[in-house]
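Single-structure report; data block below.
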Amino acid sequence: MLDINLIREHVDAVKEGVAKKGVDSKIVDKLLRRDEVWREKAKALDDLKAEQNEVTKEIAKKHTKGALSRARLLKQQITKLSDEETHLKQQRDVLLEKLPNIPFDDVPVGKNDKDNVELRQVGKQPEFDFKPKDYLTVAEQLGIIDVKRAAVVAGSRFGYLLGGAARLEFALIQFAIETITAEGFIPVVPPVMIRPEIMRRMGKGTFIDDHDAFRIDEDDLYLVGSSEHTIGPLHIDETLREKDLPRRYVGFSTCFRREAGSYGRDTRGILRVHQFDKVEMFSFVHPEKSEEEHQFLLAIQECLMQKLELPYRVVEVCTGDMTWSDARQYDIETWLPSEKQYRETHSCSNTTDFQARGIRARFIQEGMNKPQYMHTLNATGFAIGRTIVAIIENYQTKQGTVRVPPVLQSWTGSKEIDVI
RNA sequence: GGUGGGGUGGCUGAGUCCGGUCGAAGGCGCCGCACUCGAAAUGCGGUAUGCCCGAAAGGGUAUCGUGGGUUCGAAUCCCACCCCCACCGCCA
């Protein structure tokens, strides 16, 4: 959620910001008009209540002469005004929820992923003395990914990871958790179901509204699309002390996404599925440290990729392609030889105080008594499925086998992926 | 699913039977001051948040799980819901 005071005081900047994100800036004008009307009404209501409190005190002191009839009248007026005030506030807040976080000034302006800016390419793209196959062809030959049987059991966009692919998953998890916890992150296995109210407070209302989240109807719960959704609210309504910051978590969870609106895209294989596992970093930091933390998270992501020896590139995501709650976002895209292009495997987001305001995650600065909002950031450790895809493609051999990246070999216990 | 107990400020915990002087005792923690070479201990003082008005000082208002009701007035009474804890049952 955006700060209403920021909107009031910096109308033009906010309008410009939301427009860059592809949101109609007229909403801001509409919001401010509602806000104005609401404030007048709220003031009138407060004044009436103040009068009521006075009258009430008189009655308590037995000065009931005329007071009781005045009190009855006040009560009526207050009831009426109060309904109006509630209604106006609601209208304002609905509009407030329709505004995304404002991108930083220096974020590249653009419409979609084509306008993202490549920052660097890292790692050598593998050269093959044969025509590299796509991961699914290789994996199906080895019997380690099975989407056909998964379709029978659960429908499209699911997959079985078998044998070596499953081992690869566990190896990646252990490798990531070990590396990231060494940096002081607290490992966490969070709930994968979440209440809608919490999801909205995390600034992820669109995940529900766009029908991208799976709903457990009977219990009014949603399946998370990322452990970010339930790690963030770990400190909901809490006020930490400055010395507790930064607070860093590395979570592991399954993620569920309906992938609504992506019909026909990546329908083959496990690149875009309803269910995948992910290691995720999440930081709560001092507001002045969030840009620094953002770089730190990105550095960890790159370190993991370099140790895996996968070629990747880092892009800064443009305003139009950014996530709703982000002020700045980087993506890491990994090279897929069969497609001869980089495909998104990681994202790294600074949500500034946008999520923190929603979940009221605050801290008290040393020597002050007024709490302020922290900044929160989240970054992919590994999206396991997509990383497995990248490994299969980049580490395939002429014989149709797949080598295990050296750094993972101690976890898989073999240099080649086990076949079924 | 069953039975019982409970949700009060940063934490703990009184108040709820018998509605008004209760934004709410006490304790802990935290901040300041005093004492001290310094620290501990001790003493004194301070210490919730949101919203609105105000340049500020300050003022108003709301908040005792949530929503509704009764009332001139609700932490306190009534109704519904949510959540937590303990034990039992079931279960990976």
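Within every chain, numbering begins at 1; the chains are lettered A, B, ... in the order of the sequence lines, protein sequences first and strands thereafter.
- Nucleotide B:rC51: paired with B:rG60 (Watson-Crick or G-U wobble, both distances less than 3.5 Å).
- Taking a pair to require two hydrogen-bonding distances under 3.5 Å in either a Watson-Crick or a G-U wobble arrangement, B:rA34 pairs with B:rU42.
- Ring-centre distance between A:H294 and A:Y330: below the 6.0 Å cut-off.
- Closest to the A:T56 side chain, of the nucleotides B:rC53, B:rG73, B:rC51, is B:rG73.
- B:rG1 and B:rC88 make up a base pair, with Watson-Crick or G-U wobble contacts both under 3.5 Å.
- The residues A:R258 and A:D212 are annotated as not salt-bridged, no charged nitrogen and carboxylate oxygen being separated by less than 4.0 angstrom.
- In this structure B:rC81 sits in a base pair with B:rG65, meeting the Watson-Crick or G-U test at under 3.5 Å.
- RNA chain B is contacted by A:K43, A:D46, A:K49, A:A50 of residues 42-51 of chain A, taking any non-hydrogen atom closer than 4.0 Å.
- Within 4.0 Å (heavy atoms only), A:R357 reaches no atom of the nucleic acid at all.
- Remark: A:E416 does not engage A:R403 in a salt bridge, criterion side-chain N to carboxylate O under 4.0 Å.
- With distances taken from any side-chain atom of A:R362 to the nucleotides B:rC52, B:rG73, B:rG50, the minimum falls on B:rG50.
- Taking for each of A:R92 and A:R195 the nucleotide of RNA chain B with the nearest heavy atom, the 5'-most of the two is the partner of A:R92.
- Applying the 4.0 Å criterion to OP1 and OP2 of B:rU61, one finds that A:N53 has a side-chain N or O inside that range.
- In this structure, A:I102 and A:V18 have side chains that are in contact, with non-hydrogen atoms separated by less than 4.5 Å.
- A distance of 6.0 Å or more separates the ring centres of A:H235 and A:F363.
- For the C1' atoms, the distance linking B:rG1 with B:rG50 amounts to 40 Å, nearest Å.
- With a cut-off of 3.5 Å on both Watson-Crick or G-U wobble distances, the partner of B:rA14 is given as none.
- The existence of a salt bridge linking A:E85 and A:K89 is excluded, since no basic side-chain nitrogen approaches an acidic carboxylate oxygen closer than 4.0 Å.
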